[in-house]
Amino acid sequence: MEFWLWLYFLSVVIFVWQWIFPKMNFSKYLMIFTGLLSGFRYELGDDYFRYEKLFNITTLNYNNLKLEILFQFLCNFFRDIGFNAQSIFLFYAVITNIFIYLGVKGQFDKNLYRCMSCVLFIIVGFYFRSMDIIRQMAAVSIVFYNLNFLIKKEYFKYYLGVILGTFFHYSAIIAFIFPVIMKIKSKQIMYTAVLLAVVFHLMNIPLLLIPFLSDVSYYSKWVRESAILENGTGIGMITEFLIYSFIIYKSNYKTCQEVVMVNSLCGYLIIKNFFYIIPPLLRIGIYFHILIVLMIPLLYDQYKSIANKCIIFILIAAYFVFISMKNIYTLGYGEKINSFMADNCDNIEYNYRLDILN
């Protein structure tokens, strides 16, 4: 747990430095550091041992489409040049953090907002998930970066980027429908989506149905526990309040950026309630959910009066604290790793493997 607390503390310190020295670009160094931190981790993450095993046994097989051809190629390539399994984790970690940073950089001119987004990426939990679902998070980061092209209406570049994302994880194919979703500019449709999300949340319809669908997928137990934790700590309420506020104030669609953000977050509100019922939708929802790291700086920026900025800042601070508590509780990895390894896992959080050569 100390490891995660220190990482949160470092993120907050860097954000304060950014506030004090606005001309410095601290977010770049934060993303480089955390990328290397996750890339050189050793025996840390839900899928660490699975990917280590796959690295050692995978051969390039075009008839086997269960794993992306790119992943198979990388395993063979790194192994053939004398690298060990650590190289695959480093590669995906670097790719993920680079594209997240470039995506954030393309959205904001102010270094403060860039830093806020990068800190959110770490604290809200996407950074930790990049240690578990390494292939998908690389794809998510590429789609995230390509939203810059979608906002600029450079569709050819956008689709090329999405195709690249599918090489990292097949789920990136969902991004092909983004341009269609972004063409919706009806306030009535957006407010209806928000209303449905509110009704689902207040009536706890998904949580009422979960006991009857608990065996649908192996994600179900995790999704159910996560939902109960979010509701019990108030994280879900704060998250949705921030999203509702953003949608209401940004649904005038003055810019293409607002269209992309509002429509995507409306999609996330609906998907969020349904992936409690159909857990595999969690894989799709992350492509929408990650936009919250852009939404909060935009939400803070839209309020001009000091009083309103203070209210939003307090909400954001509370959100940071609650999310941090949740992540430390659910993403400490201790119990998960113990199920895969021998009994002596007390110091597993601090293990790093700095060599990538066999």
Visitor: Write down the atom of Ser38, the atom of Ala93, and the distance for their closest heavy-atom approach.
Guide: OG-CB, 3.4 Å
Visitor: Determine whether Ile134 and Thr96 satisfy the following criterion, side-chain contact (heavy atoms from CB on, under 4.5 Å), listing intermediate values before the conclusion.
Guide: CA-CA 8 Å; Ile134 63 173; Thr96 299; over 6 Å; no
Visitor: Between the main-chain N or O of Ile32 and the side-chain N or O of Asn97, is there a donor-acceptor pair closer than 3.5 Å?
Guide: no
Visitor: Of all residues at least two apart in sequence or in a different chain, which pass the salt bridge (Lys or Arg N to Asp or Glu O under 4.0 Å) check with Glu258?
Guide: Lys250
Visitor: Can you tell if the side chain of Val260 reaches within under 4.5 Å of the side chain of Ile181, non-hydrogen atoms only?
Guide: no
Visitor: Side chains of Val12 and Val119: does their closest heavy-atom pair fall under 4.5 Å?
Guide: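 Contact flag for Val12/Val119 side chains = no.
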Visitor: Test Trp17 against Met24 for side-chain contact (heavy atoms from CB on, under 4.5 Å), laying out the working first.
Guide: CA-CA 9 Å; Trp17 284 350; Met24 296 287 291; over 6 Å; no
Visitor: Is there a donor-acceptor contact under 3.5 Å from the side chain of Ser264 to the main chain of Met261?
Guide: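 Checking the backbone N and O of Met261 against the side chain of Ser264, no donor-acceptor pair under 3.5 Å is found.
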Visitor: Rounded to the nearest 0.5 Å, what separation is found between the CG atom of Leu120 and the OG atom of Ser11?
Guide: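 Rounded to the nearest 0.5 Å, the CG-OG separation comes to 10.0 Å.
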Visitor: Using atom types as modelled and distance alone, determine if a side-chain donor or acceptor of Arg114 lies under 3.5 Å from a backbone N or O of Phe108.
Guide: yes
Visitor: Other than Leu160, what residues sit in its cluster of Ile, Leu, Val, Met, Phe, Trp and Tyr side chains whose heavy atoms are under 4.5 Å apart, directly or through others?
Guide: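 Hydrophobic cluster check, Leu160: joined to Phe156.
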Visitor: Check whether any side-chain heavy atom of Asn148 sits under 4.5 Å from a side-chain heavy atom of Leu102, and report yes or no.
Guide: no
Visitor: Could you report the tightest heavy-atom contact between Tyr155 and Lys183, atom names first, then the distance?
Guide: OH-NZ, 4.2 Å
Visitor: Does anything in residues 136-154 pair up under salt bridge (Lys or Arg N to Asp or Glu O under 4.0 Å), and if so which pairs, sequence neighbours excluded?
Guide: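 Non-adjacent pairs meeting salt bridge (Lys or Arg N to Asp or Glu O under 4.0 Å): Glu154-Lys157.
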Visitor: For the CE atom of Met116 and the CH2 atom of Trp19, what is their distance to the nearest 0.5 Å?
Guide: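 That separation rounds to 6.0 Å.
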Visitor: Applying ring-ring contact (aromatic ring centres under 6.0 Å, His included), name anything that partners Phe178, two or more places apart in sequence or on another chain.
Guide: Phe288
Visitor: Is NZ or CZ of Arg135 both nearer than 6.0 Å to the six-membered ring centre of Phe71 and within 45° of the ring axis?
Guide: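 Because its charged atom sits under 6.0 Å from the ring centre and within 45° of the axis, Arg135 does stack over Phe71.
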Visitor: Taking Tyr145 for its side chain and Ile100 for its backbone only, find out whether a donor-acceptor pair lies under 3.5 Å.
Guide: no
Visitor: So which heavy atom on Val143 is nearest to which on Ala172, and how close?
Guide: CG2-CB, 4.2 Å
Visitor: Is Phe15 close to Leu112 at the side-chain level, that is, under 4.5 Å between some pair of heavy atoms?
Guide: yes
Visitor: Please name the pair of heavy atoms, one in Tyr92 and one in Ala138, separated by the smallest distance, quoted to 0.1 Å.
Guide: CD2-CB, 3.7 Å
Visitor: Short question: side chain of Ser117, backbone of Val293 - any donor-acceptor pair under 3.5 Å?
Guide: yes
Visitor: Is the distance between the ring centroids of Tyr158 and Phe149 less than 6.0 Å?
Guide: no
Visitor: Report yes or no: do Tyr29 and Val13 belong to one cluster of Ile/Leu/Val/Met/Phe/Trp/Tyr joined by side chain heavy-atom distances under 4.5 Å?
Guide: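 The answer is no; the residues belong to distinct hydrophobic clusters.
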Visitor: Provide the closest heavy-atom pair for Val104 versus Cys118 in the form atom of the first, atom of the second, distance.
Guide: CG1-SG, 4.4 Å
Visitor: How many angstroms lie between CZ in Arg129 and CD1 in Ile286, if you round to the nearest 0.5 Å?
Guide: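 Nearest 0.5 Å value for the CZ-CD1 distance: 4.0 Å.
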Visitor: When rounded to the nearest 0.5 angstrom, what distance separates CG in Leu164 from CZ in Phe99?
Guide: 6.0 Å
Visitor: State, to 0.1 Å, how close Tyr287 and Ile174 come at their nearest heavy-atom pair, and which atoms those are.
Guide: CD1-CG2, 3.7 Å
Visitor: Are His289 and Ile292 packed together at the side-chain level, in the sense that at least one heavy-atom pair is separated by less than 4.5 angstrom?
Guide: yes
Visitor: So Phe168 and Phe91, would you call those rings parallel, tilted or perpendicular, with 30° and 60° as cut-offs?
Guide: parallel
Visitor: Can you list everything that forms a side-chain hydrogen bond (donor to acceptor under 3.5 Å, both in side chains) with Ser27? Sequence neighbours excluded, please.
Guide: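 With neighbours one apart ignored, the set is Asn25.
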Visitor: Let me confirm one number: the CD1-CZ distance from Ile133 to Phe126, rounded to the nearest 0.5 Å.
Guide: 10.0 Å
Visitor: Without swapping roles, check the side chain of Asn263 against the backbone of Ile184 for a donor-acceptor pair under 3.5 Å.
Guide: yes
Visitor: Not counting sequence neighbours, which residues clear side-chain hydrogen bond (donor to acceptor under 3.5 Å, both in side chains) with Asn76? List them please.
Guide: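 side-chain hydrogen bond (donor to acceptor under 3.5 Å, both in side chains) list for Asn76, sorted by chain: Arg79.
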Visitor: Does CZ belonging to Phe40 count more than 12 external heavy atoms closer than 6.0 Å?
Guide: yes
Visitor: Indicate yes or no for a side-chain donor-acceptor contact from Glu68 to the backbone of Tyr170 under 3.5 Å, with no hydrogens or angles considered.
Guide: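 Present.
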Visitor: Looking at CZ of Arg41 and CE of Met131, how far apart are the two atoms once the value is rounded to the nearest 0.5 Å?
Guide: 6.0 Å
Visitor: Membership question, hydrophobic clusters at under 4.5 Å side-chain separation (ILVMFWY): are Leu54 and Ile81 in the same one?
Guide: yes
Visitor: Do Tyr127 and Leu37 have side chains that get closer than 4.5 Å, going by heavy atoms?
Guide: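 In short, these two side chains touch, coming nearer than 4.5 Å.
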Visitor: Measuring only between side-chain heavy atoms, which start at C-beta, is Phe55 closer than 4.5 Å to Leu74?
Guide: no
Visitor: Backbone N or O of Phe26 within a donor-acceptor pair of the Gln18 side chain at under 3.5 Å?
Guide: yes
Visitor: Would a hydrophobic clustering, with Ile, Leu, Val, Met, Phe, Trp and Tyr connected at side-chain separations under 4.5 Å, put Val262 with Ile177?
Guide: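 As far as the 4.5 Å side-chain criterion goes, Ile177 and Val262 are connected within one cluster.
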Visitor: Is it the case that the side chain of Gln136 and the backbone of Arg283 share a donor-acceptor pair, with hydrogens and angles ignored and the cut-off at 3.5 Å?
Guide: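 A pair under 3.5 Å: yes.
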Visitor: Show your reasoning for whether side-chain contact (heavy atoms from CB on, under 4.5 Å) applies to Phe176 and Ile163.
Guide: CA-CA 9 Å; Phe176 278 104; Ile163 292 171; 3.8 Å; yes
Visitor: Apply the ring-ring contact (aromatic ring centres under 6.0 Å, His included) test between Phe89 and each candidate in Tyr48, Phe83, Tyr42; give the one that qualifies.
Guide: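 The option that passes is Tyr48.
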Visitor: Evaluate the side-chain contact (heavy atoms from CB on, under 4.5 Å) criterion for residues Val16 and Ile20: first the C-alpha distance (whole Å), next the side-chain angles of each, then the deciding distance (0.1 Å), finally the verdict.
Guide: CA-CA 6 Å; Val16 172; Ile20 298 172; 3.9 Å; yes
Visitor: Are side-chain heavy atoms of Asn111 and Pro22 found at a separation under 4.5 Å?
Guide: no
Visitor: Above 12 or not: heavy atoms from other molecules or residues under 6.0 Å from CG of Asp109?
Guide: no
